[in-house]
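Count residues from 1 along the sequence. Computed from a predicted structure; not experimentally measured.
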Amino acid sequence: MKKKTTEKKGHVVAWINKAEWDQVLEYLYSKDCTLQKYALHRISAWKGRFAHNTPIAVESTADLVRCQILDKSGKLDADDLVLLYGTALMRFVNLITERQQGKIARPLRRLASNLKIPEWIVNLRHDITHRKLPTLKWCRKGCKFVLEWLQQEYWSRQLGSGLAENWDSQSEGEDGEEDLQRQEDELITRQKEIESYKKARELLISFEKEQFQTFEGFLEEDKQARLWPEPSADMSWILAQIKHFALESSEILIDALIEDGFVVPTIEQLASLSVDNSDADPTAPHLPRVVLRFWLPLLKDLNSELFIHLLLEKLFVELQQLSEDDQKHRSFYIAGWISEVILCNSNKNEYHYESKIQRKARLKDKIFMKRIQLRWQQLLAACLNAPCVATPHLLQQILEDMEHPMPLDTRQKLLRLSSIYTQGADSGCDPPMEHSGQPSGIYTLESLHERLRVQSRRQVNMMHPGTVSDSRKALPERTEDFQEHLSPDVLAERAAELRGSPWQVCTDKVQWKNYPLGKVPGQSEDPSCLMVENFSTIMVFDQQVEMENATQHNAHAGVSMPHRVTTDGLLWTHNDISKLKAGLQLF
């Protein structure tokens with residue numbers, strides 16, 4: 001059972017700072033329609049940043065204030081206003097009570113009562129939805145009450161202690177009982193899983209003991225040949241027990257199987273099996289034959305298609321969680337088992353020149369004989385999500401054995417990218433082959449800096465033979481200072497590109513990591529600092545209608561006029577409007 005924590009987690013908000021939040025709150029609840037409109041524009045910007053995560057209270061407040069502004073304008077009839085108010089009130093009640101609903105639906109009146117919303121508001125919503133529409137007077141009264149409720153239960157709480165939507169997380173006694181019952185069920189389930197895990201370990205330990213006893217009874221020449229006899233009666237009984245357990249809890253069995261001491265042998269177990277793993281290549285992991293044959297009786301009994309799929313999935317998940325520096329031994333064997341399973345399933349290998357004895361020995365070491373339809377796309381994604389020094393090797397196996405292989409060019413690029421990504425690990429192997437014209441070993445910014453340091457040191461040695469240069473002083477470690485060490489040609493090229501542009505290359509030494517995205521040093525905390533002083537509005541849709549009418553009139557008159565000139569100046573064309581829309585979306 002997971003332990004609940006009361007620690008607050010940081011989250012991203014849509015407003016610039018608290019000053020903007022306070023300003024929007026003040027303007028929303030003012031009596032000035034101009035200020036309220038400004039607040040609604042700011043909330044529209046918030047919604048653009050929040051996307052679908054806009055707080056319910058913020059959205060409901062904006063809807064109700066918009067209704068009040070339209071009501072004060074006097075441009076709408078009473079029936080239109082009732083529909084506007086009704087929609088806003090209905091959305092408020094539905095959205096606020098929606099999160100209180102559990103698996104079993106409960107009456108809105110009870111849910112609203114828990115949130116201190118009076119019953120007459122719910123009745124008003126019910127009339128709007130199912131019955132005759134209420135009068136405008138009742139709609140205005142409901143809007144006024146809900147705005148006061150939102151100010152008290154949401155907006156005021158934000159001023160005191162950040163985002164604390166307590167009304168959104170309250171639950172009544174029935175919810176508490178359901179949570180308690182759910183916790184009890186989870187505890188019982190967890191207890192059963194622990195007992196099953198213990199039983200799985202006991203069965204696997206029994207299997208290991210029997211195998212080690214068999215190995216100790218081998219003659220010396222049999223140990224050298226790594227030959228294993230047929231399972232004994234005791235071993236057959238253990239395998240039957242494990243197979244029966246796998247039918248009920250295959251996931252738990254695999255979780256226990258991939259732990260250290262089982263398919264990932266310990267150093268002591270390898271010594272008992274006379275396995276020397278010191279010269280193993282981590283970039284192309286292959287299991288020692290004795291380790292494979294040690295577990296073959298068990299894996300051959302469990303080689304169903306579902307079990308193999310689950311085993312590969314668990315192995316890749318485990319490989320993804322491993323740290324390459326701390327657990328190289330475990331990573332090698334996890335990757336080795338993945339490679340072995342894929343190799344058993346492969347039909348690409350040709351064995352034209354092997355004898356019958358060699359073929360029999362090879363087939364004897366296979367976990368399963370028949371080819372399995374593996375989930376190749378899932379395997380490919382799992383392999384790329386678990387980068388390690390063996391990733392290029394495993395990726396190549398998957399790409400070569402896929403039922404519907406990718407184009408050759410795509411496979412080569414994918415292998416190339418995986419090699420570049422994993423070459424920085426301490427694998428003890430050479431970097432991948434380089435394409436012609438590409439500098440060897442430059443894959444990251446650090447490697448580029450190192451290459452430039454080496455070249456700078458060589459130039460100093462050529463200019464001043466006999467002097468010892470410090471490569472660390474050849475180039476700065478900080479990326480911010482890299483601008484100062486660019487060649488004059490590069491600086492001149494940049495200056496030419498920016499000539500006549502309002503943008504300039506920043507030469508100040510600024511710690512940009514201390515500034516959030518969208519802010520610059522010295523920017524005012526006033527939310528209105530980004531607003532221009534003089535601006536004018538243009539109704540795009542009205543202009544399009546005028547342009548269409550003008551175009552039709554000119555067409556009838558036989559006159560070609562790409563633009564219409566008025567006393568105010570040149571109107572925009574459709575192409576200009578499209579560019580403006582695209583620019584606004586990009587901004």
Side-chain angles (χ1 to χ4, degrees), residues 242-243 246-259 262-264 282-287 289 291-293 295-322 330-351 359 362-419 421-422:
I242 295 176
K243 189 172 184 178
L247 294 176
E248 300 176 353
S249 307
S250 56
E251 286 195 34
I252 295 177
L253 178 63
I254 293 177
D255 288 338
L257 188 64
I258 63 178
E259 290 294 327
F262 296 113
V263 295
V264 180
T283 62
H286 291 287
L287 294 175
R289 291 298 92 184
V291 174
L292 174 62
R293 291 171 181 172
W295 290 100
L296 267 180
L298 173 64
L299 296 176
K300 283 187 174 181
D301 267 17
L302 301 175
N303 64 356
S304 66
E305 187 169 334
L306 180 62
F307 184 85
I308 297 299
H309 286 158
L310 194 57
L311 177 62
L312 284 173
E313 179 184 340
K314 294 277 187 181
L315 287 172
F316 272 119
V317 170
E318 187 65 24
L319 189 62
Q320 183 179 0
Q321 297 173 352
L322 291 177
R330 180 168 176 78
S331 177
F332 173 83
Y333 276 94
I334 293 293
W337 280 109
I338 295 174
S339 176
E340 190 64 39
V341 173
I342 297 176
L343 186 62
C344 284
N345 194 60
S346 176
N347 59 1
K348 299 292 192 294
N349 294 325
E350 301 288 343
Y351 302 95
R359 182 175 183 276
R362 176 176 59 81
L363 295 178
K364 192 174 182 180
D365 287 346
K366 294 193 68 173
I367 300 174
F368 48 90
M369 300 298 177
K370 295 182 179 180
R371 181 173 172 82
I372 295 176
Q373 297 296 327
L374 296 177
R375 300 162 185 166
W376 295 109
Q377 294 299 328
Q378 294 182 13
L379 282 181
L380 185 60
C383 182
L384 295 175
N385 287 331
C388 64
V389 293
T391 298
H393 173 73
L394 299 177
L395 185 61
Q396 186 167 7
Q397 283 187 297
I398 294 174
L399 292 176
E400 289 179 352
D401 200 39
M402 292 179 70
E403 295 292 339
H404 303 287
M406 295 181 176
L408 180 60
D409 182 56
T410 304
R411 282 183 282 168
Q412 290 176 348
K413 290 180 180 178
L414 199 56
L415 287 170
R416 174 69 182 165
L417 287 174
S418 68
S419 299
Y421 187 81
T422 59

Euclidean distance, [Y] [atom2] relative to [X] [atom1], rounded to 0.5 Å:
X: E313; Y: I308; atom1: CD; atom2: CD1; answer: 13.0 Å
X: S418; Y: L395; atom1: OG; atom2: CG; answer: 5.0 Å
X: Q320; Y: L315; atom1: CD; atom2: CG; answer: 13.0 Å
X: I252; Y: L257; atom1: CD1; atom2: CG; answer: 13.5 Å
X: F307; Y: I254; atom1: CZ; atom2: CD1; answer: 4.0 Å
X: L417; Y: L384; atom1: CG; atom2: CG; answer: 9.5 Å

Pairs under 3.5 angstrom only: tabulate donor-acceptor contacts from the side chains of residues 335-344 to other protein residues two or more places apart or in another chain.
{"residue": "W337", "atom": "NE1", "partner": "V263", "partner atom": "O", "Å": "2.7"}
{"residue": "S339", "atom": "OG", "partner": "H393", "partner atom": "NE2", "Å": "3.4"}
{"residue": "S339", "atom": "OG", "partner": "Q397", "partner atom": "OE1", "Å": "2.9"}
{"residue": "S339", "atom": "OG", "partner": "Q397", "partner atom": "NE2", "Å": "3.2"}
{"residue": "E340", "atom": "OE1", "partner": "R289", "partner atom": "NH2", "Å": "3.1"}

Practice problem: Quick one: list whatever passes ring-ring contact (aromatic ring centres under 6.0 Å, His included) with F316, sequence neighbours left out. | Solution: none
Side-chain heavy atoms of [X] within contact of [Y], under 4.5 Å:
X: D301; Y: I242; result: no
X: L319; Y: C388; result: yes
X: H309; Y: I372; result: yes
X: L311; Y: L302; result: no

Quiz item: Considering residues at least two apart in sequence or located in another chain, which fulfil the side chain to side chain donor-acceptor pair (under 3.5 Å) criterion with E403?
Solution: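 E403 satisfies side chain to side chain donor-acceptor pair (under 3.5 Å) with R371 only.
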[X]: what forms a salt bridge (charged side-chain N to carboxylate O under 4.0 Å, His left out) with it, not counting sequence neighbours?
X: R330; value: D260, E318
X: K243; value: none
X: E251; value: K314
X: E248; value: none

Quiz prompt | Pairs satisfying side chain to side chain donor-acceptor pair (under 3.5 Å), at least one member in residues 377-391, at least two apart | solution =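 Listed by first then second residue: nothing to list.
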Quiz prompt | Minimum heavy-atom distance P282-V389, with the two atoms named | solution = O-CG2, 3.6 Å
Quiz item: Closest approach of L394 and C383, non-hydrogen atoms and distance?
Solution: CB-SG, 4.0 Å
Quiz item: Who are the side-chain contact (heavy atoms from CB on, under 4.5 Å) partners of F262, not counting sequence neighbours?
Solution: R201, L204, I205, E208, E259, W295
Quiz prompt | L247: partners by side-chain contact (heavy atoms from CB on, under 4.5 Å), with sequence neighbours left out | solution = none
